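In what follows, a structure is listed as structure tokens, so that the remarks can point back to it.
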Amino acid sequence: MATNRNILTLDEFTIQEMRAFPQATGQLAGLLRDIGLAAKRVNVEVNKAGLVDILGDEGSVNVQGEEVKKLDIFANDQLMGVLRHGISCAGIGSEELDEIVLFDDEISNKSKYVCLFDPLDGSSNIDVNVSIGTIFSIYRRVSEIGKPATKEDFLQPGNKQVAAGYIVYGSSTMLVYATKRGVNGFTLDRAIGEYLLSHPNIKCPEWGKIYSVNHGNFFRYNQGVKEYITACQKKDKTNGGPYTQRYIGSMVSDVHRNLIKGGIFMYPATTEKPGGKLRLLYECNPFAFIVQIAGGKATNGEINILDVQPTTLHQRTPFFVGSIKMMEELESYLAAAKETTTNHA
Ligand SMILES: O=P(O)(O)OC[C@H]1O[C@](O)(COP(=O)(O)O)[C@@H](O)[C@@H]1O
Ligand SMILES: [Mg+2]
Ligand SMILES: [Mg+2]
């Protein structure tokens with residue numbers, strides 16, 4: 001095993017990637033470094049969460065109507081702080097902020113990029129020491145560089161992402177990000193405070209044996225989803241099974257596991273949430289981009305989710321993502337159920 005000295009750091013890797021683009025300015029590398037720095041600060045708080053006043057509710061309700069956790073706000077402030085004070089981002093959109101924030105100063109207005117993020121994903125797991133994460137999505141601006149960014153810079157379809165990634169605060173802390181050139185994972189070496197390239201060129205296995213869905217909602221899912229979940233439960237050695245159900249309740253951790261081991265993650269529409277629960281711009285699009293570049297697939301149950309034209313910052317969507325063969329099997333169940341419904345209509 002090579003010693004850590006020989007493993008590329010995130011900075012070294014992103015600068016190496018720049019060599020592939022002679023016109024590169026280093027702004028994307030700077031943006032990734034800034035996000036990595038904010039995540040290191042969040043990581044410190046997460047690791048000692050029980051000892052410092054960072055657990056529990058902050059006392060307010062966010063634009064989603066959810067109780068806001070102290071760590072949601074801490075993480076939001078860290079990310080917004082480094083991006084505002086950096087030179088690589090013209091504005092941000094966050095789960096925890098009602099509106100888009102345009103930095104609108106001379107330096108920021110020269111930035112080519114805007115960033116959307118879910119500062120803390122898996123909030124229901126914060127107080128119980130279960131792995132949580134941060135999710136981010138980066139777009140090249142469509143508005144005029146030199147002027148303030150505009151709403152149009154943020155409301156682009158997911159297939160326009162330049163980069164997307166996440167940080168898992170788990171047994172180890174990992175930053176995984178994708179560009180169209182590939183998906184790479186970096187593990188934080190706390191001794192030197194650097195992210196090291198531990199998982200180069202991640203590929204999502206075509207098949208897996210893991211399905212992730214909130215079973216508590218089973219009777220609130222549509223017929224196609226119920227039939228697919230039932231088929232997963234009935235899998236055995238004769239047809240690619242048996243499958244196992246794994247659901248952490250932090251999408252970052254559930255999708256990360258499936259990306260590495262193979263599997264499918266589903267947050268379908270329910271009778272209570274017919275539009276889905278998860279947010280398109282800073283939860284689903286980043287993961288769809290990452291998993292699809294790693295060879296997997298992601299849909300809203302109808303179409304490739306990366307082709308959806310966003311209309312609002314916090315819009316929600318049904319979400320299905322994972323190993324390509326498992327996604328195709330799911331789609332066959334959804335299509336069959338839809339046809340049955342249509343024929344009986
Ligand atoms: O408890 P439920 O309804 O299964 O929802 C769990 C889902 O909600 C989320 O926690 C939503 O994200 P936030 O924690 O960022 O609000 C996802 O991480 C997770 O997959
Ligand atoms: Mg989230
Ligand atoms: Mg969140």
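Read the numbers this way: they start at 1 and go in the same order the structure lists the ligands and their atoms. All figures in this text were calculated on a predicted structure; none of them were measured in a lab.
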- [ ] Would you name the N/O/S atom of D121 that lies closest to the Mg ion (ligand 2)?
- [x] OD1
TODO: Could you tell me which N, O or S atom of E283 is nearest to the Mg ion (ligand 2)?
DONE: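 When I compare the N, O and S atoms of E283, OE2 is nearest to the Mg ion (ligand 2).
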Just so I know, are the side chains of [X] and [Y] near enough to count as touching, which here means a heavy-atom distance under 4.5 Å?
X    : Y    : value
T187 : L196 : no
I100 : I92  : no
I264 : I210 : no
K297 : F320 : no

- [ ] Using 2.8 Å as a strict upper limit, say whether an N, O or S atom of L120 approaches the Mg ion (ligand 3) that closely.
- [x]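 Here the distance criterion (N, O or S atom, under 2.8 Å) is met by L120, so yes.
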In this structure, is the centre-to-centre distance between the rings of [Y] and [X] below 6.0 Å?
X    : Y    : result
Y228 : Y333 : yes
F186 : F13  : yes
H256 : Y166 : yes

Open item on the list: Using heavy atoms and a 4.0 Å limit, tell me yes or no: is E66 in contact with ligand 1?
Closed with: yes
- [ ] Answer yes or no for L120: is there a heavy-atom contact with ligand 1 below 4.0 Å?
- [x] yes
Task: Geometric class of the Y211/H215 ring pair [parallel <30°, tilted 30-60°, perpendicular >60°] - done: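 Aromatic pair H215/Y211 classed perpendicular.
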Under a 4.0 Å heavy-atom limit, does [X] contact ligand 1 with its side chain, its backbone, both, or neither?
X    : result
S250 : backbone
R279 : side chain
N217 : neither
N214 : side chain

Open item on the list: Applying the side-chain hydrogen bond (donor to acceptor under 3.5 Å, both in side chains) criterion to Q64, which one of K277, E96, H314 satisfies it?
Closed with: H314
Starting from [atom], find the nearest protein heavy-atom neighbour and note its residue, name and distance.
atom                    : value
atom 3 (O) of ligand 1  : Y267 OH, 2.6 Å
atom 19 (C) of ligand 1 : G249 O, 3.3 Å
atom 6 (C) of ligand 1  : Y247 OH, 3.4 Å

- [ ] Count the heavy atoms belonging to other residues, nucleotides or ligands that lie under 6.0 Å from CD of E99, then report whether that count exceeds 12.
- [x] no
Open item on the list: Suppose we only count N/O/S atoms under 2.8 Å; would E95 qualify as near the Mg ion (ligand 2)?
Closed with: no
TODO: Give the atoms of ligand 1, by number and element, whose distance to some non-hydrogen atom of E283 is under 4.0 Å.
DONE: 11 (C), 12 (O), 13 (P), 15 (O)
Task: Sole residue of L116, L281, T317 in side chain to side chain contact (heavy atoms under 4.5 Å, CB included) with P310 - done: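 Answer after filtering L116, L281, T317: L281.
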TODO: Using heavy-atom distances, let me know which of M251, K277, K69 sits nearest atom 20 (O) of ligand 1.
DONE: M251
- [ ] Pick whichever of I135, D121, D118 has a heavy atom sitting closest to atom 17 (C) of ligand 1.
- [x]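 When every heavy atom of I135, D121, D118 is considered, D121 comes closest to atom 17 (C) of ligand 1.
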TODO: State the atom name: nearest N, O or S atom of D118 to the Mg ion (ligand 3).
DONE: OD1
- [ ] Please determine if L278 has a nitrogen or oxygen closer than 3.5 Å to a nitrogen or oxygen of ligand 1.
- [x]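 The answer is no, given that L278 and ligand 1 share no N or O pair closer than 3.5 Å.
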